[in-house]
Amino acid sequence: MSLNKVIYLDNNATTPVDPEVLEAMLPYFKESFANAASFSHEPGRKVFAAVEEAREKIAKVIGAEGKDIIFTSGATESINLAIKGVAKFYQEKGKHIITSMIEHKAVLGSCEELAEMGFRVDYLNVDKKGLIDFDKLQKLIGSETILVSLQHANNEIGTVQDIYKIGELCRSHGVLFHLDAAQSFGKLPIDVDKMKIDLLAISGHKIYGPKGIGALYVRRKNPRVRLKSQMQGGLQEREMRAGTLNVPGIIGLGKAAEIASKNMGNEQEKLRLMTDYIMSELKNNLERVSFNGGLGQELPGNLSVSVGGIDARELLCGLPKLAMSTGSACTSALMEPSHVLRAVGVKGELAEGTFRIGMGRMTTMAEVEFATKWIILKIKELQKR
Ligand SMILES: *Cc1c(COP(=O)(O)O)cnc(C)c1O
């Protein structure tokens, strides 16, 4: 392994495009460039067929059908469409929405906008591991509740919620359940029927597909989910999302979904072993180290580490050959712990010393060994000062 190469350990932020995915996309930039809505000619019909095939591949990963899949520009748009689209369609029925404190900003922002429009939003607390307060959820659901929106796996600390239990509760009350599966789709098993999921957001670039493509699963029966389109224009995507389809992106997402589900078991096993290795090395060689959330075992490959006596930004700056991220948003000189870390009680000095390691499909054990060695050396150096 070349010592000059940067070791990429930020796979929860984004993943590289799998070479097979890129290969599958290329023809759709070149000879197969037609509009998927152009039924009047053969090139258009061919592209349409390829898009429908991609739809089927994506649906298959979550036990759904192709027709249930709406293409968007990414999980952010899918989430906005799910939350605002459902809220605006069902507002006559009620104006109450439930979510949690550790959601992605796309969820929190959509809910804030609805709150400004007169919707009532409740934010569930989480415990130290990042698991939502289920009893509280049960108590909060009322006759006005139209939607529960929660994430499957957290992007910072990797916590995985008990979706079966939550889905069951929502369905038994006739409340729609939206799942932000940006981190888990293609990585953890999902079955929208068994888990009673009504809407589910997917991102291309978190599963070795391209950026700028995503999908929203929208249940068509038992119950049929309706939503109000958030963009006006053509009648694409069951009239739920206007705009010419991003065909190369869709083909890439389809291929990425297919590869992910084929490799799911092996890949997660590899990532678990790597995570275990880093955890035990850090624990055995360092003082004042702890792990946040699901303890690195739930969303394989994701590890949130807190180290006492260091500033994680200094650690990352001191390790220019490692690409990782801190657990804090840097607002100028001031260090603000992220809303997720705050929610699980990681504060002050510990929040300052928090960083995230995100391993993925392309990560090798040799890279993990190098990275771990460097991280330990640098932390020891910083703790000594
Ligand atoms: C990345 C991510 C999103 C946003 O996805 P984009 O496709 O980048 O818009 C939403 N939720 C979670 C949990 C994520 O990790």
Side-chain angles (χ1 to χ4, degrees), residues 8-17 21 58 62 69-85 99-113 123-124 126 130-132 148-161 163 166 177-188 190 197 199-217 230-231 241 243 246 248-250 252-254 256-257 260 271 292-294 298-304 324-325 327 329 338-341 343-344 356-360:
Y8 184 74
L9 294 171
D10 203 11
N11 284 279
N12 299 104
T14 195
T15 56
V17 171
V21 169
I58 295 156
I62 53 173
I69 302 296
I70 304 293
F71 288 115
T72 66
S73 64
T76 296
E77 189 192 332
S78 299
I79 290 164
N80 273 265
L81 177 57
I83 297 178
K84 294 188 221 168
T99 184
S100 89
M101 307 276 280
I102 62 165
E103 298 303 309
H104 189 273
K105 293 283 167 139
V107 171
L108 298 176
S110 297
C111 288
E112 270 165 42
E113 192 183 309
Y123 299 88
L124 294 166
V126 296
L131 290 170
I132 61 139
V148 170
S149 180
L150 293 169
Q151 61 193 183
H152 192 185
N154 184 269
N155 48 306
E156 288 187 44
I157 56 176
T159 305
V160 176
Q161 304 295 335
I163 301 308
I166 298 166
F177 178 33
H178 167 239
L179 190 70
D180 172 3
Q183 290 289 338
S184 61
F185 175 82
K187 296 175 188 163
L188 300 173
I190 298 176
I197 297 161
L199 302 115
L200 180 140
I202 297 166
S203 173
H205 72 97
K206 304 277 173 75
I207 58 159
Y208 313 93
K211 294 166 181 62
I213 186 73
L216 180 66
Y217 158 78
Q230 296 301 294
M231 279 197 290
R241 203 276 192 177
N246 167 5
I250 289 167
L253 178 55
L271 293 172
N292 304 309
E298 298 205 276
L299 182 63
N302 172 285
L303 190 58
S304 171
M324 303 187 290
S325 80
S338 77
H339 66 287
V340 175
L341 290 178
V344 294
R356 179 184 69 184
I357 306 173
M359 288 154 281

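Remember, it's a predicted structure, so these values are computed and weren't measured experimentally. Read the numbers this way: they start at 1 and go in the same order the structure lists the ligands and their atoms.
Taking every non-hydrogen atom of Gly74 and a distance limit under 4.0 Å, the qualifying atoms of ligand 1 come out as 7 (O). Near Ile79, the atoms of ligand 1 lying under 4.0 angstrom from a non-hydrogen atom of the residue are 10 (C). The contact set between ligand 1 and Gln183, taken as ligand atoms under 4.0 Å from a residue heavy atom, comprises 13 (C), 15 (O).
The protein atom (non-hydrogen) at minimum distance from atom 8 (O) of ligand 1 is His205 NE2, 2.7 Å.
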* To do: Please assess Tyr217 against Ile58 for the test side chain to side chain contact (heavy atoms under 4.5 Å, CB included), listing each intermediate value before the final yes or no.
  => CA-CA 9 Å; Tyr217 158 78; Ile58 295 156; over 6 Å; no
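His339 places a side-chain N or O within donor-acceptor distance of the main-chain N or O of Glu103, the cut-off being under 3.5 Å. Judged by distance alone, the side chain of Thr99 and the main-chain N or O of Ser149 form a donor-acceptor pair under 3.5 Å.
One side chain, Ser338 or Glu156, offers a donor N or O that lies under 3.5 Å from an acceptor on the other.
Residue Lys211 does not touch ligand 1, judged by heavy-atom distances below 4.0 Å. Under 4.0 angstrom from ligand 1, there are no non-hydrogen atoms of Glu77. At a heavy-atom distance under 4.0 Å, atoms from both the backbone and the side chain of Ala75 approach ligand 1. Counting heavy atoms closer than 4.0 Å to ligand 1, residue Asn155 contributes side-chain atoms (C-beta onward) but none from N, CA, C or O.
Taking Glu77 as the reference, Arg241 meet the salt bridge (Lys or Arg N to Asp or Glu O under 4.0 Å) condition, with sequence neighbours excluded.
Residue Val107 places every heavy atom at 4.0 Å or more from ligand 1.
In this structure, the side chains of Asn154 and Gln183 stay at 4.5 Å or more apart for every pair of heavy atoms.
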